Number of protein chains: 2
Amino acid sequence: MLAEPRRREILDLLRSRERPVGDLVERLRLTQPAVSKHLKVLREAGLVEVRHDAQRRWYRLRPEPLAEVDAWLAPYRRFWNERLDALERHLDAMPDEPDEGEEP
Amino acid sequence: MLAEPRRREILDLLRSRERPVGDLVERLRLTQPAVSKHLKVLREAGLVEVRHDAQRRWYRLRPEPLAEVDAWLAPYRRFWNERLDALERHLDAMPDEPDEGEEP
DNA sequence: CAGTAATATAACCAGACTAGAATATAAAGT
DNA sequence: ACTTTATATTCTAGTCTGGTTATATTACTG
């Protein structure tokens, strides 16, 4: 889902402002159907929403689902902060100790 | 990459402690080759690292790459916080207004 | 050294995914 | 009503991916 680079590009573009499909087509240098299909996926995942204005469809970002990703990430953030802190303390305490590491 | 549910499960398991492959195989109820392949992907993405202990391979989490994901997510976090704040203020200010969007 | 345990790699397959071309739909403009 | 503009959908072909079975590798054990 967020692995798809085009999809991430779309999200990045929508972060600054809402945009019609044609605008995204230009910037991504993809065909219009391809973009529409990505938008469909993003819509169904709840990551974007549409506003109809005559024939134009304005797409914009929706915050909630990314908050979920963020929530999933939260425990990892704790984890890596601990580890990095520990590393810092380690380096700070013993600045010329050889590394015990196992590199294949 | 992180879209893969099995891969996320593996990461979740490794968050608590380092584990040998067989342990992951049991818990995921997947065949051993499948797990080994996921681990390869995770290794190449730098998300996990291995320690050799006789025939056993102990896998453990590496913090750095998730920090990158977090960094990618950061601007979105700003975005949705703003939006949710705005929504709150909106609901607070006009408790019985019908819903409609705001333009840039 | 033969045998076994733990894991990795190879070969293969079925389903999912993406992109393109062609076509359909929807709303305006004339 | 016909045409144009903007977007969606369908069909199809190629690629990617995750899983399985079978085999190889690596390290301990008798």
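The shown structure was predicted, so the numbers you read here are calculated from the model rather than taken from an experiment. Labels below follow one simple rule: chain letters A, B, ... track the order of the sequence lines, proteins then strands, and each chain is numbered from 1.
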Next item on the list: Check whether the side chain of A:Gln32 and the base of D:dA6 form a donor-acceptor pair under 3.5 Å.
Entry: no

Notebook entry, point to check: A:Met1 has an atom CE; how far is it from atom P of C:dT18, in whole Å?
Noted result: 8 Å

Checklist line | Atom pair distance, as rounded to whole Å: CG in A:Asp53 and P in C:dA28 | finding: 8 Å

Margin query: Tell me whether the side-chain N/O atoms of A:His38 come closer than 4.0 Å to OP1 or OP2 in C:dC17.
Written below: no

Check: Quick one: do the B:His38 and B:Arg7 side chains pair a donor with an acceptor below 3.5 Å?
Finding: yes

Notebook entry, point to check: Does a nitrogen or oxygen in the side chain of B:Arg56 sit under 4.0 Å from OP1 or OP2 of D:dT26?
Noted result: no

Next item on the list: Using a heavy-atom cut-off of under 4.0 Å over every strand shown, decide if A:Leu30 touches base, sugar-phosphate, or nothing.
Entry: sugar-phosphate

Checklist line | Nearest-nucleotide pick for A:Ala34, side chain only, options being C:dT9, C:dA27, C:dA19 | finding: C:dA19

Note to self: Just to be sure I understand the rule, does A:His52 reach a base, reach only the sugar-phosphate, or reach nothing, if contact means heavy atoms closer than 4.0 Å?
What the structure shows: nothing

Notebook entry, point to check: Would you say a side-chain N or O of A:Thr31 is under 4.0 Å from OP1 or OP2 of C:dA19?
Noted result: no

Next item on the list: Ignoring backbone atoms, establish whether A:Tyr59 has a side-chain N or O less than 4.0 Å from OP1 or OP2 of D:dA8.
Entry: yes

Check: Once you round it to whole Å, what is the distance between P of D:dT26 and CH2 of B:Trp58?
Finding: 22 Å

Note to self: My understanding is that only one of A:Leu66, A:Asp70, A:Val69 makes a side-chain contact (heavy atoms from CB on, under 4.5 Å) with B:Tyr76; could you say which?
What the structure shows: A:Leu66

Item checked: CG on B:Leu14 to CZ on B:Arg60, rounded to 0.5 Å -> 11.0 Å

Next item on the list: Figure out the CZ/P separation between A:Arg51 and C:dA27, and round it to whole Å.
Entry: 15 Å

Next item on the list: Determine yes or no for a side-chain-to-main-chain donor-acceptor pair under 3.5 angstrom, with A:Asp23 supplying the side chain and A:Arg19 the backbone.
Entry: no

Next item on the list: Measure the distance from CZ on A:Arg29 to P on C:dA19 and round it to the nearest whole Å.
Entry: 15 Å

Item checked: Of the listed nucleotides C:dA19, D:dG18, C:dA28, the one nearest the side chain of B:Glu4 -> D:dG18

Note to self: Quick check on C:dT7: is either OP1 or OP2 less than 4.0 Å from any side-chain nitrogen or oxygen of B:Ser36?
What the structure shows: no

Notebook entry, point to check: Below 3.5 Å, does any donor atom in the side chain of B:Lys37 face an acceptor in the base of D:dT20, or the other way round?
Noted result: yes

Note to self: Could you tell me how far apart B:Glu9 (CD) and D:dG18 (P) are, to the nearest whole angstrom?
What the structure shows: 14 Å

Margin query: Base, sugar-phosphate or nothing for A:Pro33? Non-hydrogen atoms, less than 4.0 Å.
Written below: base

Next item on the list: Would you kindly give the CG-to-P distance between A:Leu39 and C:dT18, to the nearest whole Å?
Entry: 13 Å

Next item on the list: May I ask you to verify if any side-chain N or O of B:Arg6 is less than 4.0 angstrom from the OP1 or OP2 atom of D:dG19?
Entry: yes

Next item on the list: State the OG1-NZ distance between B:Thr31 and B:Lys37, to the nearest 0.5 angstrom.
Entry: 8.0 Å

Item checked: Closest nucleotide among D:dG18, D:dA8, C:dA28 to the A:Val21 side chain -> D:dA8

Notebook entry, point to check: Can A:Arg6 and A:Glu4 be counted as an ion pair, charged N to O under 4.0 angstrom?
Noted result: no

